[in-house]
4 protein chains.
Amino acid sequence: MSATPTKTRTASTRAPSARRTGVREQAAQTTRDNILKAAIKVFARYGYEGGSVEKISKAAKSFDRMIYYYFGSKEGLFIEVLEEIYRRMNDAETALDIRLDTPVEALKAVVRFVSQYYRKHPEFVTLLNTENLHKGKHISKSLRAREYSSPAVSVIEQVLAAGVASKEFRADLRARDLYLLIASMGYFYQSNRYTLSAFLGEDIDQPEAVAHWDDFMIDTVLRTVRAA
Amino acid sequence: MSATPTKTRTASTRAPSARRTGVREQAAQTTRDNILKAAIKVFARYGYEGGSVEKISKAAKSFDRMIYYYFGSKEGLFIEVLEEIYRRMNDAETALDIRLDTPVEALKAVVRFVSQYYRKHPEFVTLLNTENLHKGKHISKSLRAREYSSPAVSVIEQVLAAGVASKEFRADLRARDLYLLIASMGYFYQSNRYTLSAFLGEDIDQPEAVAHWDDFMIDTVLRTVRAA
Amino acid sequence: MSATPTKTRTASTRAPSARRTGVREQAAQTTRDNILKAAIKVFARYGYEGGSVEKISKAAKSFDRMIYYYFGSKEGLFIEVLEEIYRRMNDAETALDIRLDTPVEALKAVVRFVSQYYRKHPEFVTLLNTENLHKGKHISKSLRAREYSSPAVSVIEQVLAAGVASKEFRADLRARDLYLLIASMGYFYQSNRYTLSAFLGEDIDQPEAVAHWDDFMIDTVLRTVRAA
Amino acid sequence: MSATPTKTRTASTRAPSARRTGVREQAAQTTRDNILKAAIKVFARYGYEGGSVEKISKAAKSFDRMIYYYFGSKEGLFIEVLEEIYRRMNDAETALDIRLDTPVEALKAVVRFVSQYYRKHPEFVTLLNTENLHKGKHISKSLRAREYSSPAVSVIEQVLAAGVASKEFRADLRARDLYLLIASMGYFYQSNRYTLSAFLGEDIDQPEAVAHWDDFMIDTVLRTVRAA
DNA sequence: CATGAATGAGCTTTCATTCAT
DNA sequence: CATGAATGAAAGCTCATTCAT
């Protein structure tokens with residue numbers, strides 16, 4: 001590893017200050033952003049080992065050296081990538097407008113959101129798989145990643161509470177479990193679609209198959225949640 | 001297992017001859033097996049790119065060259081690794097003794113089996129993730145992999161049919177969907193345990209957490225399956 | 001190099017005996033011949049370094065080991081390849097039926113033969129180039145190669161003498177020089193046809209171009225040879 | 001020579017920038033030149049396959065990596081080697097001072113130049129042979145190589161025209177053919193000197209033999225060219 | 001006679017990273 | 001701020017050859 005070990009934020013890696021940004025800072029910001037965006041694509045496609053520094057710098061139309069300038073190391077860049085994709089999902093979740101007065105519909109909306117998010121953001125799925133391959137060693141170095149978890153579960157918590165209040169949902173269900181159920185079904189279908197297609201002998205990416213799975217997800221979740 | 005080589009092997013990669021096995025043939029078989037076993041471990045731990053030929057040959061106490069001698073290329077080895085882990089799961093599934101006269105118990109047993117299999121064989125999970133990262137390019141080159149799918153789904157099919165016959169299970173459920181539900185919940189929990197632990201702020205590998213999830217899986221599956 | 005240095009013929013490399021050949025010997029002869037023929041093709045196409053033992057054994061539908069069995073080493077095989085192509089050219093030359101009573105026609109025939117031989121045997125040309133790249137180190141180890149030179153020059157010697165006798169050809173010309181002139185023109189055109197085509201901007205392999213060059217060769221040779 | 005880089009260079013291989021050359025740029029230029037010069041020697045001596053990247057980088061007192069930095073690949077380096085040797089010959093040819101008022105002497109000078117050039121630049125000969133072994137696949141990728149052909153032929157064209165004008169040379173002779181005749185005789189003698197020496201049983205590299213061949217070349221060319 | 005298995009050095013190329021302006 | 005140049009380790013793979021029946 002380098003002399004200055006990878007950290008969440010070091011003196012040598014520049015994060016453009018949040019205060020008034022001049023022309024200089026903006027150009028730097030652009031370079032930094034380009035690298036981060038390119039890194040998301042490249043790591044998502046090739047994994048951590050397969051995603052070489054050169055591939056990333058080329059995709060960002062920048063230079064290898066710039067990665068070290070802004071992120072300190074390949075590992076530092078990967079950590080920021082993870083933070084970024086968590087932030088993005090968190091942002092999307094926060095933007096969700098859930099009507100708690102109709103709990104069933106609200107829950108359906110949540111399921112649809114999760115399913116769609118994984119489908120539209122395959123990089124999120126492959127990056128998490130990559131990180132799990134590495135036993136979470138990068139995410140554990142990030143102070144920020146943790147912050148993004150609560151909203152995800154808490155949305156479900158609210159919906160669940162509303163449903164219990166209206167007696168549509170049963171009371172003995174943990175929001176965490178419900179969250180995991182929804183995530184499982186959405187994630188697995190997207191994450192393993194290549195081996196599943198080979199294994200099942202059908203292309204599970206076909207629109208009808210996808211729509212069918214979404215319906216099944218909703219049905220399963222509602223059966224799990226509904227009060228007896 | 002590999003005693004009956006029903007493989008489509010290219011002319012350039014050696015499969016120990018099927019005829020009377022002398023001392024040398026057996027030694028060769030051992031070398032080949034050692035490499036394959038080592039490859040499963042190494043690829044599972046480091047992924048495809050990270051799992052270098054040297055790491056594998058060292059773990060197998062053999063030489064790089066032997067990998068090319070027996071498997072033609074790193075890719076060829078990886079394909080056989082995938083075939084092997086599918087075969088192993090298939091074997092384990094086939095060994096399952098399911099009592100169809102008690103469908104509910106049978107279904108519970110299936111769920112427990114799947115959950116346990118993923119838990120006890122983390123290499124199966126990471127290898128499939130790796131293969132999905134590569135968009136299934138290796139599995140699609142294997143003629144054998146497909147053969148192993150039918151048993152997995154057909155066991156569930158039988159249990160489901162038995163439950164429908166006894167009127168315990170509803171009739172409008174596809175075995176494929178039920179299989180995917182069970183697999184989703186078992187797989188995701190194992191596959192993403194590192195990021196989930198960081199995300200949820202709890203170690204989901206703890207025995208109680210695992211047991212709780214198993215119960216929840218069974219409960220969810222039964223609620224999905226049960227006749228109104 | 002091996003412990004028993006490469007020689008023209010060693011105890012360890014088998015040359016099937018010339019006496020009564022049984023079935024066994026014939027099979028061996030075939031294997032040996034196949035290897036030799038394959039080696040000519042492979043060395044001619046890929047050069048000495050590029051022509052790997054494996055390429056040759058595969059082309060011969062045999063095994064690497066057989067090359068060592070019959071030829072001792074890669075170098076030993078290459079030496080026999082050189083001997084073989086010289087022998088072949090010698091045989092073709094010997095088969096030439098030259099009518100010495102018409103010296104001009106005889107000389108034309110010789111020129112055409114040389115030109116055609118190089119054209120029809122590109123492997124002869126590339127193999128000699130390869131050997132010259134290695135500064136003739138292999139041919140110098142061969143006792144046989146030298147035997148094949150005399151006929152080539154002596155045919156020209158005879159034609160030249162006949163022409164001098166009939167006063168059609170001048171007397172102050174060495175057969176060796178005439179041989180070299182003919183060989184030069186025929187060889188260079190074939191040997192360098194790729195770079196020449198690129199260099200001159202025309203495909204010198206076209207039939208008309210070839211015919212034109214043959215005519216020019218004959219014309220040049222006759223102008224060189226003819227008595228004032 | 002390489003001061004004016006008129007090259008078609010890919011984006012990934014570095015050509016020292018043309019702007020004001022600082023200390024560093026000059027050092028880089030030196031590294032590049034050292035590699036190119038070393039490559040000419042090594043490829044000329046060992047051929048393309050035999051000329052390993054390591055041999056070249058060592059001869060250049062640099063590193064393997066630098067070859068890829070500057071030339072992209074071994075093949076890219078070889079292409080530049082071919083371009084370089086063509087350029088060198090072209091430069092030498094351009095420097096030739098031919099007096100067209102004495103066509104016979106001018107032609108003799110050309111023949112002597114060609115003969116000497118091949119003799120003094122054996123690397124030119126072996127590199128072309130190597131390229132022809134590869135069927136011209138590298139030269140065909142070079143846009144530049146073609147540019148160097150015209151001068152070679154056009155010098156002869158001019159001499160031929162002058163001789164025709166003075167009625168010393170015959171008019172029905174193509175410059176291209178004359179060029180090929182001269183090149184053939186000069187090239188073949190140099191290219192095949194090892195096998196020829198073995199074949200003829202004399203060392204054709206001896207000064208007297210060389211001088212004799214030069215005389216014979218001139219004599220042959222003049223006989224071919226002279227007006228009846 | 002014939003051949004599968006083994007071996008270690010070597011190949012071209014790519015890797016993440018640091019140096020020196 | 002930015003970037004060309006340099007570096008050595010390691011990657012996947014092929015090499016000619018020998019071992020052991």
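Naming: A, B, ... by sequence-line order, numbering from 1 per chain. These figures come from a predicted structure and were not determined experimentally.
Comparing C/G50 and D/S62 along DNA chain F, the residue whose closest nucleotide (by nearest heavy atom) sits nearer the 5' end is D/S62.
In this structure a side-chain-to-backbone donor-acceptor pair under 3.5 Å is missing from D/S57 to D/F63.
One atom, CD of C/E49, and another, P of E/dT12, lie 11 Å apart when rounded to the nearest Å. Atom-to-atom, CZ of A/R65 to P of E/dT21 comes out at 14 Å; the value is rounded to the nearest Å. Nucleotide F/dA11 holds its P atom 11 Å from the OH atom of B/Y68, rounded to whole Å. Atom CZ of B/F63 is separated from atom P of E/dG10 by 16 Å (rounded to the nearest Å).
Distances shown here put every side-chain N or O of B/S52 at or beyond 4.0 Å from the OP1 or OP2 atom of F/dA10. Taking side-chain N and O atoms only, D/T31 has a distance below 4.0 Å to OP1 or OP2 of F/dA6. Contact between the side-chain N/O atoms of D/Y70 and the OP1/OP2 oxygens of F/dG4 is not found at any separation under 4.0 Å.
Counting only heavy atoms from C-beta on, D/M66 has its side chain closest to F/dT7 among F/dT7, E/dT12, E/dA2. Comparing E/dG4, F/dG12, E/dC11 by their closest approach to the side chain of B/K74 singles out F/dG12.
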**Item:** Secondary structure of DNA chain F in dot-bracket form (Watson-Crick or G-U wobble, distances below 3.5 Å, | marking inter-strand pairs)
**Value:** .||||||||||||||||||||

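When the C1' atom is used for both F/dA20 and E/dC1, the distance is 15 Å, rounded to whole Å.
Ion pairing between a basic and an acidic side chain is recognised when a charged N comes within 4.0 Å of a carboxylate O; D/R32 and D/E80 show such pairing. Note on A/E131 versus A/K137: no salt bridge recorded, every NZ/NE/NH1/NH2 to OD/OE distance being 4.0 Å or above.
Checked against side chain to side chain contact (heavy atoms under 4.5 Å, CB included), D/E49 has the following partners two or more places apart in sequence or in another chain: C/E49, D/H134.
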